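Note sheet for the following structure.
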Amino acid sequence: MNLENHLTSIVKEILTKHYATEIGEKMIQFEKTSKDFAGDITLVVFPLVKIAKKSPVQVGEEIGAILKNEVDLIADFNIVHGFLNLVIANSYWVNKLNEIAIQADYGSSLDKGSRLMVEYSSPNTNKPLHLGHLRNNFLGHSVSRILEANGHTVVKTQIVNDRGIHICKSMLAWERFGEGETPESTKLKGDKFVGKYYVKFDKVLKLETASVIANWEKGNFDESSAFEAEYTKFAEAMAAKEDEKSKKGLADKIKKLANNATPIMRDVKEMLLKWENKDPQVYALWEKMNAWVYAGFADTYKAMQVSFDKLYYESNTYITGKQMVEDGLKKGIFFQKEDGSVWIDLTADGLDEKLVLRGDGTAVYVTQDIGTAQQRMQDYPDLNGIVYTVGNEQDYHFKVLFLILEKLGYEWAKNCHHLSYGMVDLRNDKGEVGKMKSREGTVVDADDLVNEVVLTAKEMTEERGHIEGLSANEKEKLYHLIGLGGLKYYLLKVDPAKRMTFNPEESVELNGNTGPFIQYVHARICSLLRKAGELDKAPIQENVFLHDVEREILKKLVEYPVIVESAGKEYSPALIANYVFDLGKTFNSFWQSVSVFKEEDLELQRMRLELSRNVARVIKSAMYLLGIDVPERM
RNA sequence: GGGCCAGUAGCUCAGCUGGAUAGAGCACCUCCCUUCUAAGGAGGCGGUCCUAGGUUCGAAUCCUAGCUGGCUCACCA
């Protein structure tokens, strides 16, 4: 039982007896003692003032005296305003250290949880991974480990977005403009190679769109008569508007219309249709280009040190989705419009009507998501829920998806959770903050960034010169461990729900609230333990003297399992990151002010080594939950 | 326009199930390596917690209204 619960029941009993009236648990509020005052835990006396009918200070004095007298655990107390600060006996903390020291997986829950699936990454196979994917991958990977630490069995997965109009775009561009070149012939990484053709398609599309609009403006609708009526409507509305915002909105609508009227768009739609009909030529092209992309992704995932247990492919699950939509249509859950498109009406739930199948019968995004969920449940019958690590621009999408699954009658729909995270903004040289835009070339490529942080780690480490004696191979591993650890920590320390600003200099920083700072604490402790040699495993005597900073460290160690639990409940690696930084900082303060080997009292020396050893264990464990390795020297 | 999210130090962020004088890191300024790794430590400077009301013994935290920024409401994914 933790200290707070333990004290709550004791205090409740004593006060009920003393004041001869029932004291509710809600009236007994504990909180951490402010570091400006002596004490380990603080009772807020305000709620008790009414019952005792005395001033807060008097009530505090009274209760403090009773507790000190009757409870061994409480060594001393002091009152500041309405706060009763309690000093817990040293022996309590020392015994806690002895308990922690013999627990194998300290911090992990002993309860058997359920089986969960965590989806993350889920890239499109038409362009390389970028900074946004890094946040996604690190989050998903870390949350998987945090859930495991909470007793769950986790299946790490992704849905590979390997089909759809966007994939056909790079295929068409390569077929038309590629002249047979390959990743091998160009020495480009496969994902980068395919991404190049996606960009090429976009360029051609823009040119064609511009020419379509130019024709329309001249009243020339030869090949796009179907668009004439709609265009005229928008154009007239635009001429009537005065303000820039409305004008721009209408201009965008015209652009979208013109997009769809371009020859290249018509061709790519035809290609998608062919693909869904398994046209052999289109299918072979698709397989070839996807293979290039997967080879590229594999390298990136390896460098990022993330992994998956099971992969799902949209190209496979969208069929299940389509079948489910057809079944749902028969059951009356969906309805069909005149043009053959299929919809679901969610207006009764405060949402809109939502398309689930296009007029030409092809699947949309949500169609395959429905199928994917169903397939996962079939593959893992004991699966209790799915966690989707996807950016917050899709909040609405997941509301819709979960609601559709519920309406289709799936019980497990209510256990699905959208782990929504904010986008990563960039800060440019001028200090302006903005989104990544591929058009402006401000997309931060995942491979480039990983290479850069590793290189910085190498330079910094060589400068320090702490690692003489390591082999070249060991050194390379260390640079990777430090660089990547720094990057992961940088992206994980922020609350997932919040959008964050990416600052290139800060992401490779080694001082302050950073991954390497924490890794360094671990390396220092390892150095200390190497010098100490074999430790005596006997429990520490409970009457040893404790410095304030040592008590602080012990309090933090005791807190660790609570942090792991709330990180699991909130799907938040940031809680772990902040905790472990705080632990490291406190330990550094101890390191600086308290010597281990100069201490003449051997029991004290033993306690300090044991304390240090367990700090290192918790750091290693917490960093593992973040997906970060810690070195023994750096 | 409807819905969702956010606004805390010069910058990046904690704190938000109401509690003490609102905390870290970076940046800037002082000190501390003959001592277990200075990728460190000790201290200083720095705040209308977006604004205005309200609830409360007590509000950065809860409620209401407004302001600012973002996302979303596609036969895109």
Side-chain angles (χ1 to χ4, degrees), chain A residues 29 31 33-37 42 44 46-47 49-50 56 80-83 85 122 124 126 161 163-167 256 260 269 314 337 339-343 350-352 354-360 362 364-366 368-369 391-397 399-400 420 422-423 425 427 431 433 435 457 460-461 463-467 482 486 490 493-495 497-503 505-506 509-514 516-521 523-532 574-575 577-578 581-582 584-585 588-598 608-609 612 633-634:
Chain A
Q29 295 174 13
E31 59 188 71
T33 302
S34 157
K35 65 178 181 212
D36 299 333
F37 306 105
T42 293
V44 184
F46 292 107
V49 167
K50 279 177 195 158
V80 181
H81 306 301
F83 299 89
N85 303 319
S122 304
N124 291 338
N126 61 349
N161 295 299
R163 49 125 256 148
I165 195 92
H166 57 296
I167 307 296
K256 214 162 101 183
N260 284 321
K269 277 180 185 167
E314 250 194 65
K337 290 193 178 175
D339 62 358
S341 59
V342 181
W343 299 70
L351 305 176
D352 308 296
K354 186 80 191 171
L355 178 90
V356 290
L357 216 53
R358 289 194 189 97
D360 64 4
T362 56
V364 289
Y365 183 50
V366 76
Q368 61 78 25
D369 257 336
N392 65 5
E393 71 273 15
Q394 295 194 33
D395 285 356
Y396 183 78
H397 169 77
K399 260 191 208 170
V400 169
S420 166
M423 60 171 52
D425 286 324
R427 172 177 298 279
V433 172
K435 298 172 62 167
M460 295 300 188
T461 306
E463 208 174 278
R464 302 301 191 284
H466 287 165
I467 52 162
I482 294 171
Y490 179 77
K493 71 177 174 181
V494 180
D495 180 356
K498 291 192 177 170
R499 68 185 0 236
M500 64 177 292
T501 307
F502 179 83
N503 184 325
E505 286 88 47
E506 279 179 18
E509 183 59 54
L510 308 169
N511 305 318
N513 188 0
T514 65
F517 171 97
I518 298 158
Q519 290 171 324
Y520 184 64
V521 179
R524 273 175 147 184
I525 296 175
C526 287
S527 152
L528 190 71
L529 294 174
R530 273 194 299 273
K531 186 169 174 179
L575 296 180
N578 288 324
F581 171 60
D582 211 35
K585 219 167 30 145
N588 275 344
S589 178
F590 159 80
W591 175 279
Q592 204 72 27
S593 57
V594 182
S595 170
V596 173
F597 294 115
K598 278 188 178 172
R608 286 174 193 163
L609 282 168
S612 304
R633 56 179 63 194
M634 67 187 278

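FYI, side chains are in, hydrogens and waters are out, and symmetry mates aren't considered; it's all heavy atoms of this structure. Since the structure is predicted, the reported quantities are computational estimates derived from the model, not experimental observations. Letters A, B, ... are given to chains in the order of the sequence lines, protein chains preceding strands, and every chain is numbered from 1.
- With both ends at atom C1', the span from B:U8 to B:A74 equals 37 Å, rounded to whole Å.
- A:Asp360 comes within 4.0 angstrom of nothing in the nucleic acid, heavy atoms only.
- Straight-line distance from the CG atom of A:Asp495 to the P atom of B:G15: 7 Å, rounded to whole Å.
- Counting non-hydrogen atoms under 4.0 angstrom, A:Met634 reaches a base of the nucleic acid.
- Out of B:U21, B:A77, B:G19, the shortest distance to the side chain of A:Val44 is found at B:G19.
- If you check the side chains of A:Asn85 and A:Thr42, you find a donor sitting under 3.5 Å from an acceptor.
- Looking at heavy-atom distances under 4.0 Å, A:Asn503 makes no contact with the nucleic acid at all.
- Residue contacts for A:Lys498: at a heavy-atom cut-off of 4.0 Å it reaches a base atom on one of the strands shown.
- Dashed line: the shortest gap from a side-chain N or O of A:Thr461 to OP1 or OP2 of B:A39 is not under 4.0 Å.
- Among the protein residues, A:Phe581 comes within range of the sugar-phosphate backbone only, with heavy atoms under 4.0 Å from sugar or phosphate atoms but none that close to a base.
- Formation of a donor-acceptor pair under 3.5 Å by the A:Asn578 side chain with backbone atoms of A:Ala574 is found in this model.
- B:C33 adopts a syn glycosidic conformation, its chi angle falling within 90° of 0.
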Might you work through the side-chain hydrogen bond (donor to acceptor under 3.5 Å, both in side chains) test for A:Asn588 and A:Arg524, ending with a clear yes or no? CA-CA 9 Å; A:Asn588 275 344; A:Arg524 273 175 147 184; 2.8 Å; yes
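- A donor-acceptor contact under 3.5 Å links the side chain of A:Thr42 to the base of B:A20.
- Heavy atoms of A:Ser589 sit under 4.0 angstrom from primed sugar atoms or phosphate atoms, though from no base atom.
- Among the atoms of the strands shown, none is found under 4.0 Å from any heavy atom of A:Glu505.
- As judged by a 4.0 angstrom heavy-atom cut-off over every strand, A:Val594 is placed among the base-contacting residues.
- In this model, no side-chain donor or acceptor of A:Asp369 finds a partner on the base of B:A77 within 3.5 Å.
- In this model, the phosphate group of B:C5 is not approached by any side-chain N or O of A:Asn392 to a distance below 4.0 Å at OP1 or OP2.
- No contact: A:Lys269 has no heavy atom under 4.0 Å from any strand.
- Of the candidate nucleotides B:A14, B:C36, B:G19, B:C36 has the atom nearest to the side chain of A:Ser595.
- At a threshold of 4.0 angstrom between heavy atoms, the contacts of A:Lys493 with the nucleic acid are absent.
- At a threshold of 4.0 angstrom between heavy atoms, the contacts of A:Phe517 are confined to the sugar-phosphate backbone, with no base atom among them.
- For the pair A:Asp352/A:Tyr396, a side-chain contact is recorded, criterion being any heavy-atom separation below 4.5 Å from C-beta on.
- The side chain of A:Val80 lies closest to B:A20 when the candidates are B:C36, B:A20, B:U37.
- In this structure, A:Tyr396 does not pack face-to-face on the six-membered ring of B:G3, missing the 5.5 Å centre cutoff or the 30° plane limit.
- B:A20 has its base stacked against the ring of A:Phe83, the centroids being under 5.5 angstrom apart at an interplanar angle below 30°.
- Looking at heavy-atom distances under 4.0 Å, A:Thr501 makes contact with sugar-phosphate atoms alone, never a base.
- Here A:Tyr520 does not lie in a stacked arrangement on the base of B:G40, lacking the combination of planes under 30° and ring centres under 5.5 Å apart.
- In the model, A:Asn161 has no side-chain atom that pairs as donor or acceptor with a side-chain atom of A:His166 under 3.5 Å.
- Contacts of A:Gln368 with the nucleic acid, taken as non-hydrogen atoms under 4.0 Å apart, are absent.
- Among the heavy atoms of the strands lying under 4.0 Å from A:Val494 are primed sugar atoms or P, OP1, OP2 only; no base atom is included.
- Remark: A:Arg464 CZ to A:Leu510 CG distance equals 6.0 Å, nearest 0.5 Å.
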